[in-house]
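The residues of the chain are indexed from 1 along the displayed sequence. All of these numbers come straight from a predicted model, not from anything done at the bench. Just so it is clear, the values below take in all heavy atoms, side chains as well, and ignore hydrogens, waters and symmetry mates.
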Amino acid sequence: MKVAIYGIKVNSFTIVTFKELFKLLARFNWTPVLEVNLKKLLSDKIAEVDAMATFADHHDLKNGFGLLISLGGDGTFIDSVGFIRDSQVPIIGINAGRLGFLANISKDHIEAALQKIHDKEYELQVRSLLRIKMNNTILGEDNFALNEVSLHKRDTSSMITVHAELEGKYLNSYWADGLIVATPTGSTAYSLSCNGPIVTPGCKVHILTPIAPHNLNVRPMVVPDHMPIRLTVEGRVRRYLVSIDGKSHVIQKGEELIIEKAEFTINVIKFEGNNFLDTIRNKMLWGIDKRNLNK
């Protein structure tokens, strides 16, 4: 089986993890294929990578790959989705970052995780994405998001107005610093920091979360994911930012965004005993209270 490997940071911590990973892949007779920039970072640190093949874009992963391993944090995991796209190659995230909602396999559990994949003791958790359509072509093929799409002010400290329609019907004009449209996966990302709700991955919904709204009675809203969302923005300046999973693009005043559920999904490998509820509870330190320790 060919295994695509993606990572961004190479340091003393991740070098040890990469070495262990390569040894384990060799044990299972799996063939590692490195993302081309990752190979450059590793080539003078791990001798055996010189003989490894590489991949450069999403076209390469449509040819016989059985798995993609993302080594890093959640940002690295999200970047790796750009290589998977609609190929249906399953993905697993090894955590070398901080929170790790997506990249939730610790370095101490790599061997156990790969053994379970070898033994087919796992399930595929389907994650939905957003598709963004605009009048111009600045997004190109990168017009999808796993976490969220957000509209922001750019050249002013003043608030902006984001007009939102849901399935062709007027919803609201958000007077705020911006507006987030998030997937269930993105409910634990930027939307959460703006007081958006936590949504379990299987829910077929999208979340609209205003960023620092001026009117305190404007709250986050959960809507069915089959309803297209149309956004336009206006304010005192002519240029604004649209951010797609953290990658920002400048748009002009009056530019229209249509946000829909993408026509493809990604498959995240999950193991028994490693579920979303456990991850949320552990990462957010729920129940860490002295009053609970004796129970």
Side-chain angles (χ1 to χ4, degrees), residues 70 72-82 84 91-93 95 97-105 123-132 143-152 162 164 166-167 171-172 174 176-213 218-229 231 241-248 257-270 274-287:
S70 168
D74 283 352
T76 305
F77 188 102
I78 290 170
D79 285 347
S80 68
V81 173
I84 295 174
I91 180 173
I92 186 173
N95 186 19
R98 288 172 290 184
L99 280 179
F101 284 107
L102 296 169
N104 60 0
I105 304 299
E123 61 181 26
L124 295 178
Q125 186 179 75
V126 176
R127 300 281 183 127
S128 63
L129 297 92
L130 299 169
R131 175 74 78 182
I132 305 95
N143 64 338
F144 61 90
L146 176 63
N147 268 353
E148 76 276 313
V149 177
S150 54
L151 272 173
H152 301 263
V162 181
L166 187 64
E167 204 173 32
L171 172 63
N172 192 21
Y174 293 91
D177 284 352
L179 180 69
I180 302 165
V181 179
T183 64
T185 299
S187 71
T188 55
Y190 190 15
S191 176
L192 180 62
S193 70
C194 295
N195 294 317
I198 295 174
V199 178
T200 55
C203 294
K204 297 180 179 181
V205 298
H206 292 150
I207 307 157
L208 283 80
T209 306
I211 306 168
V218 175
R219 312 306 303 164
M221 184 173 180
V222 178
V223 301
D225 65 5
H226 67 269
M227 294 183 174
I229 299 167
L231 303 178
L241 289 179
V242 56
S243 181
I244 301 173
D245 278 347
K247 297 177 181 178
S248 296
L257 278 76
I258 305 295
I259 302 172
E260 301 174 326
K261 183 178 182 179
E263 66 278 10
F264 63 92
T265 57
I266 63 165
N267 296 317
V268 180
I269 288 179
K270 290 295 178 186
N274 182 16
N275 60 65
F276 179 77
L277 301 181
D278 290 338
T279 300
I280 287 292
R281 188 172 58 255
N282 294 331
K283 299 300 181 182
M284 302 196 69
L285 304 180
W286 288 352

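The backbone N or O of Leu146 sits less than 3.5 Å from a side-chain atom of Thr183, completing a donor-acceptor pair. A donor-acceptor contact shorter than 3.5 Å is absent between the side chain of Asn143 and the backbone of Arg131.
Pairing each heavy atom of Ala189 with each of Glu148, the nearest pair is CB-OE1, 3.7 Å. Cys194 and Pro210 get closest at one heavy-atom pair: CB-O, 4.0 Å. The two residues Gly82 and Phe144 have their closest heavy-atom pair at CA-CZ, 4.0 Å. Contact detail for Val222 and Val205: the closest heavy-atom pair is CG1-CB, 3.6 Å. Of all heavy-atom pairs spanning Gln125 and Lys270, the tightest one is OE1-CE, 3.5 Å. When every heavy atom of Val199 is checked against every heavy atom of Ser187, the shortest pair comes out as N-OG, 3.0 Å.
Summarising the geometry, atom CG belonging to Asn147 is positioned 5.0 Å from atom CG belonging to Asp245; distances are rounded to the nearest 0.5 Å. The distance from the CG atom of Leu102 to the OG1 atom of Thr188 is 6.5 Å, given to the nearest 0.5 Å. Interatomic distance, CG of Leu257 versus CG of Leu179, reported as 10.5 Å (0.5 Å rounding). One finds the NE2 atom of His206 at 12.0 Å from the CE atom of Met227 (value rounded to the nearest 0.5 Å). Atom CD of residue Glu167 and atom CD1 of residue Ile229 lie 10.5 Å apart, to the nearest 0.5 angstrom. Atom CE of residue Met221 and atom CG of residue Asn172 lie 9.5 Å apart, to the nearest 0.5 angstrom.
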### Task
Would you please test Tyr174 and Leu231 for side chain to side chain contact (heavy atoms under 4.5 Å, CB included) and show each step?
CA-CA 10 Å; Tyr174 293 91; Leu231 303 178; over 6 Å; no
### Query
Ile211 and Ile180: side chain to side chain contact (heavy atoms under 4.5 Å, CB included), yes or no, with the steps?
CA-CA 7 Å; Ile211 306 168; Ile180 302 165; 3.8 Å; yes
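Judged as a side chain to side chain donor-acceptor pair (under 3.5 Å), and not counting sequence neighbours, Asn195 has no contacts.
For the pairing with Val126, the side-chain contact (heavy atoms from CB on, under 4.5 Å) check across Ile266, Val268, Thr265 returns one residue only, Thr265.
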